[in-house]
Amino acid sequence: MKLKYLGTGAAEGIPGIFCPCPVCENARLTRGREIRTRSGALLDDRVLIDLPPDTYAHALAHGIALGALRSLLVTHSHHDHFAVRELEYRHRIFANLPDDAPPLVVYGNSAAGKALDSLSFDMTGRVVYH
């Protein structure tokens, strides 16, 4: 099993977007390992654990092909762990996935399911909730 941590920061990340504290200022100056994006992990290149707002940046930084994901495990439905609107980019008008591509299976609590119901696009065949 291969586990890759993508982000290990708090909800606001480090440095916090508006925070002038010494920790955040040090992270801005030092950069590198002092920068902490919001929590996320990748298991065996197929299972994403959480979908924070930083997921796109994680994919770019780590060379992750998000279209190849098979499952998304949502630990809880707070926005820093489940930026549900990002899933709209799996819709056919944004993602040229093959017609026979399996849907992304999302595992989460009932709040995650309700969040998925709020998406602006019909995600039939692209996202399935369990």
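A quick note: this is a predicted structure, and the numbers were derived from the prediction, not measured.
Contact detail for Cys24 and Pro15: the closest heavy-atom pair is O-CB, 3.4 Å. Counting all heavy atoms, side chain and backbone alike, Gly16 lies closest to Arg28 at O-NH2, 2.6 Å. Shown here for Arg46 and Leu42, the closest heavy-atom pair between the two residues is N-CD1, 4.2 Å.
The structure places CG of Leu119 at 11.0 Å from CD of Glu86, a figure rounded to the nearest 0.5 Å. How far OG of Ser71 is from CG of Leu48: 10.0 Å, rounded to the nearest 0.5 Å. From Arg36, atom CZ reaches atom CD of Glu34 across 6.0 Å, with rounding to the nearest 0.5 Å. Here Asp45 contributes atom CG and Ile64 contributes atom CD1; the two are 7.5 Å apart, rounded to the nearest 0.5 Å. Taking OG from Ser77 and CG from Asp50, the interatomic distance works out to 10.5 Å, rounded to the nearest 0.5 Å. The CZ atom of Arg126 sits 4.5 Å away from atom CZ of Arg92, with the distance rounded to the nearest 0.5 Å.
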* So Cys19 and Glu25, side-chain contact (heavy atoms from CB on, under 4.5 Å) or not? Walk me through it. -> CA-CA 8 Å; Cys19 185; Glu25 286 302 320; over 6 Å; no
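For CG of Asn96, the number of neighbouring non-hydrogen atoms (other residues, nucleotides, ligands) closer than 6.0 Å is 12 at most. Ile17 CD1: 12 or fewer foreign heavy atoms inside a 6.0 Å radius. Within 6.0 Å of NE2 in His78 there are 12 or fewer heavy atoms belonging to other residues, nucleotides or ligands.
Remark: Asp44 does not engage Lys2 in a salt bridge, criterion side-chain N to carboxylate O under 4.0 Å.
By the ring pair (Phe, Tyr, Trp, His ring centres under 6.0 Å) test, Tyr89 pairs with Phe94, sequence neighbours left out.
Remark: the backbone N or O of Ala57 is not paired with any side-chain donor or acceptor of Asp54 at under 3.5 angstrom.
For the side chain to side chain contact (heavy atoms under 4.5 Å, CB included) with Ile49, the qualifying choice from Leu72, Thr75, Val74, Leu6 is Thr75, the only one to do so.
Phe18 and Ile35 end up in different hydrophobic clusters when Ile, Leu, Val, Met, Phe, Trp and Tyr side chains are linked at under 4.5 Å.
There is no side-chain donor-acceptor pair under 3.5 Å between Ser39 and His81.
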